[in-house]
Amino acid sequence: MLHNRRLILAHFWLAFAVFAAALLLGAWQMYVRSPLSPWISNPEWYYRSLTAHGTVMGYVFPTLVAMAFGYAISEASLKQNLVGLRWAWAGFWLIAIGAIVAMIPVALGLASVLYTFYPPLIGSPFYYLGVVMVVVGSWIWVVLMSINLRVWKRANPGAPVPLPMFANVAGSYLWAWTAVGAALELLLQIIPVAIGFKSTIDAGLARVFFSWTLHAIVYFWLMPTYIAYYTIVPRAIGGRIYSDTMARISFILFLVVAMPIGIHHAFADPQVGAGFKFVHSAFTALVALPTLLTVFTICASVEIAARARGGRGAFGWLAVLPWRNPMMLAVTFSFIMLGFGGAGGLINMSYQLDATIHNTQWITGHFHLIFGGAIVIMYFAIAYDLWPHLTGRPVVSLALVRLQLWLWFIGMIVTTFPWHYVGILGMPRRMSFFDYTDPALANEAISVVLSAIGGFILVASGVLFIVILVKTQFAAPRPTEDYRFAVAVHPPATVPVALNSYGLWIALMIGLTITNYGYPILQLAVRDDTSVPAVYVGER
């Protein structure tokens, strides 16, 4: 039973509202950079849009989805009222106000620094203050998830923590520690310059701080998706989880190895030595392990559902899967995009191969395929699965849901595959204009047009998604059963302490982070010759 439906719906609706706005901005960016559009004459408009799009999609939207889903998981899996309701609302309003505070200077052209900040570029201090408010609001959620789990453990001593809550809390701890890097960059490097205490900044040290956050944040974005893989998909298609133990190990691995990998984004930066770049590259390869475990476990779980439906033979069971079930479609599309995006990630993690696509449109295609593709399509699935229980009304049309998912999948493929191609050709990212009449660029024009068309398809899918949720919100009410999660083929009566708690894994997470970031940070921090003049954005 979901007791605090208003709280959960508020988070979801704000998430999807800002998502819709950011989606429109993204489509506009693709259009104005393509041969379809005349030159906008002022590149500043492009970078304002890019900063707003990245900030919303990187910080606000996935954080709100994780919080909404996390509150639902806490109530439904622990079967207890949420502890700390007023604090939960406080976190929500901090994020809502923080997003507004951050976006106002962006809209005014005072903070076109992109969501990765890019020092020595310095924007309005209000932009950074807004981002800090979003992070602090999310940290309230982290604390509440830990408190609610502790309350449940006291009432159920020795009992296995329900898998959804175990994964949810692991994701919250990952986010809490991941965000520390960006917080240190803002508090120690950027904000003192933005408010005028300093006029120089150590851009190299700031980039190392941000690399702490830059890649691990992706796994925070992934956590709701992976929770849905394990705990929603098998139930939705009539099956069971193949292995509760493998699921727990997957989330533990994310907690441990997702952190010390960010410096692979700084292969071209001279501030970090080759040794640490190699170590981070190796850990980036290790992070594939929880994904491979997940792919195996979910495929096995899907096969269990198919065998229960009468599937026979080595491959005959595939034919009896419920392909018209939106959850089956969503997980299939997500796995396909995760596969292509993950394969691209193997290029990014290799020092030698990364040099060929560094700072090109390949990178844009890679992370949009992972986040916008594999992750966001499961955010849609989570919303569709929860909406009847949050509103007391059935989803209005499964046919529309299927169409929306197909459009998103097609749009994301059409958008990102050409980006990979032009990236190989050397097209740089973050550029506001290309002259396609230049013979050197003419052969890239058709690929850029295709990406713009893909953006329009994504907008159509996003609009349809909002329409479905709104129509469901105002449909005729219908009684619903209590919300439940998938159970394992062999539900565990007991679980080893190591798979039922976080102490060891948090210690490893923190230890590996300090080991892999401590020396590069200290090495730069003690130098007095690495700072450069700040470059202020907008009129001062």
Side-chain angles (χ1 to χ4, degrees), residues 41-55 58-59 98 101-135 179-215 217 262-274 276-277 358-360 363 428-433 517-540:
S41 75
N42 185 2
E44 168 63 21
W45 289 101
Y46 176 80
Y47 291 107
R48 292 185 198 187
S49 172
L50 196 58
T51 302
H53 173 81
T55 301
Y59 300 128
V101 170
M103 287 302 102
I104 289 174
V106 173
L108 295 175
L110 300 176
S112 299
V113 296
L114 310 190
Y115 92 103
T116 43
F117 309 145
Y118 283 105
L121 291 179
I122 298 294
S124 164
F126 290 101
Y127 170 70
Y128 306 115
L129 174 63
V131 173
V132 169
M133 291 173 68
V134 169
V135 173
V180 168
L184 290 173
E185 180 191 19
L186 289 173
L187 296 175
L188 301 180
Q189 293 287 310
I190 292 178
I191 291 179
V193 180
I195 61 180
F197 289 166
K198 296 173 60 180
S199 60
T200 60
I201 186 169
D202 190 334
L205 178 57
R207 283 178 57 81
V208 172
F209 275 134
F210 194 78
S211 71
W212 176 321
T213 297
L214 183 57
H215 202 88
I217 195 175
I263 288 178
H264 82 263
H265 286 272
F267 279 154
D269 289 22
Q271 294 91 348
V272 181
F276 279 97
K277 290 175 181 176
H358 178 72
N359 266 344
T360 69
I363 304 298
R429 60 181 176 137
R430 309 188 195 95
M431 299 293 289
S432 62
F433 173 73
Y517 282 100
Y519 182 77
I521 289 172
L522 287 174
Q523 185 184 38
L524 290 169
V526 298
R527 294 179 65 109
D528 57 5
D529 59 348
T530 54
S531 293
V532 296
V535 179
Y536 293 97
V537 174
E539 295 183 4
R540 295 275 164 164

Can you tell me how far apart CG (Leu114) and OH (Tyr47) are? Round to the nearest 0.5 Å. 8.0 Å

Any pair counted as salt bridge (Lys or Arg N to Asp or Glu O under 4.0 Å), so long as it reaches residues 45-55, sequence neighbours left out: Glu44-Arg48

Closest heavy-atom pair and its distance - Glu185, Phe210: OE1-CD1, 3.1 Å

For the residue pair Pro533 and Pro120, what are the closest heavy atoms and their distance? O-CB, 3.6 Å

side-chain contact (heavy atoms from CB on, under 4.5 Å) evaluation trace for Leu186 with Val132: CA-CA 8 Å; Leu186 289 173; Val132 169; 3.9 Å; yes

Sequence neighbours left out, what passes side chain to side chain donor-acceptor pair (under 3.5 Å) with Asp528? Give chain and number order. none

Crowding at CZ, Phe126 (>12 non-hydrogen neighbours, <6.0 Å): no

Apply the test side-chain contact (heavy atoms from CB on, under 4.5 Å) to residues Thr51 and Tyr127: give CA-CA distance (whole Å), side-chain angles for both, the deciding distance (0.1 Å), then the verdict. CA-CA 10 Å; Thr51 302; Tyr127 170 70; 4.1 Å; yes

Heavy atoms of other groups near Phe433 CZ, more than 12 under 6.0 Å: yes

If you look only at distance, which donor and acceptor atoms sit under 3.5 Å apart when one is on a side chain in residues 188-205 and the other is two or more places apart or in another chain?
{"unit_1": "Gln189", "atom_1": "OE1", "unit_2": "Asp202", "atom_2": "N", "d": "3.4"}
{"unit_1": "Asp202", "atom_1": "OD1", "unit_2": "Gly204", "atom_2": "N", "d": "3.3"}
{"unit_1": "Asp202", "atom_1": "OD1", "unit_2": "Leu205", "atom_2": "N", "d": "3.1"}
{"unit_1": "Asp202", "atom_1": "OD2", "unit_2": "Thr530", "atom_2": "OG1", "d": "2.6"}

Verdict with supporting geometry, Arg430 and Asn359, side-chain contact (heavy atoms from CB on, under 4.5 Å): CA-CA 8 Å; Arg430 309 188 195 95; Asn359 266 344; 3.0 Å; yes

Side chain to side chain donor-acceptor pair (under 3.5 Å) assessment of Ser112 paired with Tyr46: CA-CA 9 Å; Ser112 299; Tyr46 176 80; over 6 Å; no

Heavy-atom closest pair (Val113 atom, Tyr118 atom, distance to 0.1 Å) is O-CD1, 3.6 Å

The reported gap from CD1 in Ile363 to NE2 in His358 (rounded to nearest 0.5 angstrom) is 8.0 Å

For Leu110, does its backbone N or O pair with a side-chain atom of Tyr536 as donor and acceptor, under 3.5 Å? no

Test item: Thr55 and Val106 side chains (from C-beta on) under 4.5 Å apart, heavy atoms: no

In terms of heavy-atom contacts, does CZ of Arg527 have more than 12 from other residues, nucleotides or ligands at under 6.0 Å? no

Interatomic distance, Leu524 atom CG to Gln271 atom CD [nearest 0.5 angstrom]: 6.5 Å

Before giving the answer on side-chain contact (heavy atoms from CB on, under 4.5 Å), spell out for His215 and His264 the whole-Å C-alpha distance, their side-chain angles and the decisive distance to 0.1 Å. CA-CA 9 Å; His215 202 88; His264 82 263; 3.3 Å; yes

Quick check: does any side chain N or O of Ser432 sit under 3.5 Å from a backbone N or O of Pro43, one acting as donor and the other as acceptor? no

Show the nearest heavy-atom pair for residues Ala182 and Thr213, with the distance to one decimal. N-OG1, 2.8 Å

Minimal heavy-atom distance between Lys277 and Ala266, with the atoms involved, is CE-O, 3.3 Å

Look at the rings of Tyr59 and Phe117 and say which category their plane angle falls in: under 30° parallel, 30 to 60° tilted, over 60° perpendicular. parallel

Smallest heavy-atom separation, Pro520 atom then Ile263 atom, equals CG-CD1, 4.4 Å

Do Val535 and Ile122 have side chains that approach each other closer than 4.5 Å (heavy atoms only, starting at C-beta)? no

